[in-house]
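These numbers were taken from a predicted model, which means no experiment stands behind them.
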Amino acid sequence: MTGTARRPIALLGVPLDANSSHLFGCAGGPTAIRQALRSGSGNDATERGVDVIGAIDDQGDVEDSNERGSVADADAITAAIAAILDDGRRPLSLGGDHSVTFPILRAVAERFDDLTVVHVDAHPDLYDDLDGNPLSHASPFARAMEEGLMTRLVQLGIRTANAHQREQATRFGVEMLGPRQLERFDPFSIRGPVYLSVDLDGLDPAVAPGVSHHEPGGLTFREVLDVVDALPAPIVGADIVELNPSRDLVDMTAMVGAKLVKEIAGAMLRGVA
């Protein structure tokens, strides 16, 4: 691939929302974030002044059927991420609902031992099963923990954990921190490679209204950027999920997603020789 070998980060859209509950619309997330990235209201630099857009190779979207509980769709996602990793690059994926993270992690875990996953979200996404769909967007981390895809799962911003999900967290040894406990997150305790998963509803809906599940009392955007900035290298992959453009206001959440693309890309580049 002429030219793209010099671009260490591969942007991949995953337009899938069939595994959502309550509302659909997240399949439009990748397109909305790409449009925001091209907006003339911003530029190509991170807050540290690093021009990251030139380091990103946009791979387009995974071809999926967007069918509820589709094993074939999950396998297509895993294969697409595996191809990026085998090419020596780091995947930055745009969802889609949060169900996309489980198949992504299958590919990442095959190539990186002692993986820590840092997960920003309002919800733990640890349901054993929601509405008869084991591939639900409410279950990706239950499936990932069952398959041993990570050594450590740290969840930040959680504010909806019910009794079942707390039991699941205890079962799997998940470290779950709410918005009022964010100061307890110690990035210096992380050893080895890091994967970052950001569900946009982890942010307060005043900051990110374009999500299907509004949960007031969330993280500020600056708090999320501080988490990204504090993560140790190497960050070997990341995803930004659950943007529902049909719920957005003046593209506000899409712009949040685009800003996250740049700042996460900048953090990923810190670990690239």
Side-chain angles (χ1 to χ4, degrees), residues 46-48 98 101-102 104-105 108-109 112-128 137-146 148-208 211 213-242 256-257 259-260 263-264 266-268 270-271:
T46 68
E47 293 190 351
R48 294 189 176 200
H98 219 152
T101 301
F102 167 54
I104 291 171
L105 285 173
V108 175
F112 295 97
D113 295 326
D114 198 22
L115 184 69
T116 292
V117 174
V118 176
H119 167 210
V120 176
D121 204 328
H123 314 92
D125 293 347
L126 287 167
Y127 276 104
D128 182 61
H137 74 156
S139 302
F141 294 101
R143 301 290 85 80
M145 295 301 282
E146 287 169 353
L149 301 184
M150 66 201 78
T151 300
R152 185 179 179 194
L153 174 58
V154 182
Q155 300 185 319
L156 306 176
I158 305 300
R159 51 197 188 277
T160 62
N162 59 20
H164 168 65
Q165 296 202 79
R166 291 188 182 280
E167 290 170 1
Q168 290 281 85
T170 299
R171 171 189 174 193
F172 294 123
V174 176
E175 300 165 56
M176 186 188 296
L177 299 176
R180 291 178 174 174
Q181 301 168 314
L182 199 59
E183 73 283 352
R184 289 166 47 186
F185 172 54
D186 179 13
F188 297 106
S189 69
I190 297 175
R191 300 290 181 267
V194 178
Y195 184 89
L196 174 64
S197 182
V198 179
D199 185 325
L200 289 168
D201 67 32
L203 292 151
D204 193 87
V207 176
V211 297
H213 299 261
H214 289 164
E215 189 62 42
L219 303 179
T220 69
F221 191 41
R222 180 56 50 192
E223 286 174 326
V224 173
L225 291 184
D226 286 347
V227 168
V228 173
D229 197 48
L231 292 176
I235 302 172
V236 297
D239 62 62
I240 302 165
V241 299
E242 293 286 352
V256 166
K259 172 85 167 179
L260 280 170
E263 296 301 326
I264 292 172
M268 293 170 80
R270 295 199 302 264

Any chance you could measure [X], atom [atom1], to [Y], atom [atom2], to the nearest 0.5 Å?
X: Glu183; Y: Leu177; atom1: CD; atom2: CG; result: 8.5 Å
X: Leu196; Y: Met268; atom1: CG; atom2: CE; result: 9.0 Å
X: Ile264; Y: Ile240; atom1: CD1; atom2: CD1; result: 4.0 Å
X: Arg166; Y: Met176; atom1: CZ; atom2: CE; result: 6.0 Å
X: Glu146; Y: Phe172; atom1: CD; atom2: CZ; result: 4.5 Å
X: Leu126; Y: Arg171; atom1: CG; atom2: CZ; result: 10.0 Å

Whether [X] side chain and [Y] backbone form a donor-acceptor pair below 3.5 Å:
X: Ser139; Y: Ala142; result: no
X: Gln155; Y: Val174; result: no
X: Arg191; Y: Phe188; result: yes
X: Glu263; Y: Thr46; result: no
X: Asp204; Y: Gly217; result: yes

Heavy-atom pair with the smallest gap, counting every atom of [X] and [Y]:
X: Ile158; Y: Pro179; result: O-CD, 3.6 Å
X: Leu149; Y: Leu115; result: O-CD2, 3.6 Å
X: Gly202; Y: Val120; result: CA-CG1, 4.4 Å
X: Ala138; Y: Gln165; result: O-OE1, 4.5 Å
X: Leu105; Y: Ala144; result: CD1-CB, 4.1 Å
X: Ile235; Y: Pro232; result: CG1-O, 3.8 Å

**Report entry** Val227 and Arg222: CA distance, side-chain angles, deciding distance, side-chain contact (heavy atoms from CB on, under 4.5 Å) verdict
**Finding:** CA-CA 9 Å; Val227 168; Arg222 180 56 50 192; over 6 Å; no
Query raised in the report: What residue among Phe141, Phe185, Tyr195 forms ring pair (Phe, Tyr, Trp, His ring centres under 6.0 Å) with His119?
Result: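 For His119, the ring pair (Phe, Tyr, Trp, His ring centres under 6.0 Å) check succeeds only for Phe141.
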**Report entry** Among His137, His98, His123, the one residue meeting side-chain hydrogen bond (donor to acceptor under 3.5 Å, both in side chains) with Glu242
**Finding:**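 When side-chain hydrogen bond (donor to acceptor under 3.5 Å, both in side chains) is applied between Glu242 and each of His137, His98, His123, only His137 qualifies.
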Report task. Kindly determine whether Arg270 and Arg48 satisfy side-chain contact (heavy atoms from CB on, under 4.5 Å), including the steps that lead there. Result -> CA-CA 11 Å; Arg270 295 199 302 264; Arg48 294 189 176 200; 4.0 Å; yes
Query raised in the report: Going by heavy atoms in the side chains, are Phe112 and Pro234 under 4.5 Å from each other?
Result: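 Sidechains of Pro234 and Phe112: no contact.
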**Report entry** Residue pair Tyr127 / His164, side-chain heavy-atom distance below 4.5 Å
**Finding:**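 A side-chain contact exists here, since the closest heavy-atom pair is under 4.5 Å.
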Query raised in the report: Would you say Asp113 has more than 12 foreign heavy atoms packed within less than 6.0 Å of its CG?
Result: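 No, the 6.0 Å shell around CG holds no more than 12 heavy atoms from other groups.
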Report task. Test Lys259 against Leu225 for side-chain contact (heavy atoms from CB on, under 4.5 Å), laying out the working first. Result -> CA-CA 9 Å; Lys259 172 85 167 179; Leu225 291 184; 4.0 Å; yes
Query - Val117, Thr116, Val118 screened by side-chain contact (heavy atoms from CB on, under 4.5 Å) with Leu153, the one that passes - result: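 The residue from Val117, Thr116, Val118 that satisfies side-chain contact (heavy atoms from CB on, under 4.5 Å) with Leu153 turns out to be Val117.
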**Report entry** Asp201-His213 side chain donor-acceptor pair, cut-off 3.5 Å
**Finding:** no
Query raised in the report: Does the pair Asp125 and Thr101 meet the rule for a side-chain contact (heavy atoms from CB on, under 4.5 Å), with working shown?
Result: CA-CA 11 Å; Asp125 293 347; Thr101 301; over 6 Å; no
Query - Ion pair check, Asp121 and Arg159, cut-off under 4.0 Å - result: no
